[in-house]
Protein chains: 2
Amino acid sequence: MATTTAARRRDEERAAYDAFLAACPSRRVMDRISDKWVGLLLAALADGPRRYSELGRKVAGVSPKMLTQTLRGLERDGLVEREVTAAVPVRVDYRLTPLGEGLHATLLHVKNWAEGHVEEVLAARDRYDGEHDTQSG
Amino acid sequence: MATTTAARRRDEERAAYDAFLAACPSRRVMDRISDKWVGLLLAALADGPRRYSELGRKVAGVSPKMLTQTLRGLERDGLVEREVTAAVPVRVDYRLTPLGEGLHATLLHVKNWAEGHVEEVLAARDRYDGEHDTQSG
DNA sequence: CCGGATCCCAACCGATACTG
DNA sequence: CAGTATCGGTTGGGATCCGG
């Protein structure tokens, strides 16, 4: 039947698109920085190495699970380095690699833009909510 | 009892932290660009205005729902403008505002970094998977 | 042609409890 | 101190159907 054709075609397009996205470098970086904790961790590590628990305290709201998981992802991508000191209570430090510092710098760029334009965004949002009437009428 | 204290304190910390995040400009921008389709849409609109269905075709994998939803969010934040032409079949064009162009430029910066360093990331990932032995034994 | 409403599944994230 | 395993709540995204 003809009706299946459109769905089929959309499906193929999506498959091709997915493949395209998987190969796209900027997409991968986007996915990384989209992560809820990555930006915070990078910022927390920006001014020097930190211990696991230090990071936990510095970002405050993070659970051990997410802390470990995020750190692992970062380490896997070569953005942070993990150094284990086999003392009596084990000690583990994390620090940014040059690559990680580069990403952090880029993120700072974004942050910079954000701080410079957040007022405009907020104003636009306000205007929009006013014009489009959130719900009252 | 004393055991509740720690939980209490964690809770308070988290609340304060959440408040901090809510007020943080870069966080809001992060949240926006974290969105799965925002980057693509911005890119699709970079070289001029587009119709709704054009966008749908250009990003290929997107559903009508997400297309509208994303566009609305962008419009609300003053990043794109929506222009309705009341013809027989309604026609709607979207285009970047100066603000939207600014964000796109910033994103291009990120993209640029990504393309320049994706090889290193991939290499690191490969090394990590080799050293840490994905599962083989 | 544009887009809103609904249902549903999958992924993510947090809290807790436990190990080395 | 550093990390792992599991469970449950919450959210986001896709498919589909319906209205302007």
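Chain A is the first sequence line, chain B the second, and so forth, proteins listed ahead of strands; every chain is numbered from 1.
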Fill in: Shortest non-hydrogen separation from A/V38 to A/L74 and the atoms involved
CG2-CD1, 4.0 Å
Using whole Å, report how far [atom1] of [X] lies from [atom2] of [N].
X     : N      : atom1 : atom2 : value
B/L67 : D/dG14 : CG    : C1'   : 13 Å
A/M66 : D/dT4  : CE    : P     : 13 Å
B/W37 : D/dG14 : CH2   : C1'   : 10 Å
A/L40 : C/dC13 : CG    : C1'   : 14 Å
B/E83 : C/dC1  : CD    : P     : 19 Å
A/E54 : D/dG3  : CD    : C1'   : 17 Å
B/D35 : D/dT11 : CG    : P     : 16 Å

Worksheet item: Roughly how far, to the nearest 0.5 Å, is CG of A/L67 from CG of A/L41?
Response: 6.0 Å
Could I get a table of every N or O pair under 3.5 Å where one atom is in the protein and the other is in nucleotides 3-7 of chain C?
unit_1	atom_1	unit_2	atom_2	d
C/dG3	OP1	B/R82	NE	2.8
C/dG3	OP1	B/R82	NH2	2.6
C/dG3	OP1	B/Y94	OH	3.1
C/dG3	OP2	B/Y94	OH	3.0
C/dG4	OP1	B/R72	NE	3.4
C/dG4	OP1	B/R72	NH2	2.4

Practice prompt. Using a 4.5 Å cut-off on heavy atoms from C-beta on, say whether the side chain of A/D35 contacts that of A/T70.
Written response: yes
Worksheet item: If we only count heavy atoms from C-beta on, is the B/S26 to A/W113 side-chain gap below 4.5 Å?
Response: no
Discussion item. Check B/R76 with A/D129, please: is the shortest side-chain N to carboxylate O separation under 4.0 Å?
Written reply: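 A salt bridge is present here (some side-chain N lies under 4.0 Å from a carboxylate O).
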Worksheet item: Charged N to carboxylate O under 4.0 angstrom, B/D93 versus B/R51?
Response: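 Salt bridge absent between B/D93 and B/R51.
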Worksheet item: Angle, rounded to 10°, between the helical axes spanning five pairs at each terminus of the helix from C/dC1-D/dG20 to C/dG20-D/dC1?
Response: 40°
Worksheet item: Hey, does the side chain of A/R51 come within less than 4.0 Å of D/dC1's phosphate (OP1/OP2), counting only N and O?
Response: no
Discussion item. Is it the case that over 12 heavy atoms from other parts of the model lie below 6.0 angstrom from the CZ atom of B/R82?
Written reply: yes
Fill in: Residue pairs fulfilling ring-ring contact (aromatic ring centres under 6.0 Å, His included) with at least one residue in residues 54-112 of chain B, sequence neighbours excluded
A/H109-B/H109
Worksheet item: Are A/L108 and A/V59 joined in one hydrophobic group, where the rule is that I, L, V, M, F, W and Y side chains link up if heavy atoms are under 4.5 Å apart?
Response: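 Hydrophobic grouping puts A/L108 apart from A/V59.
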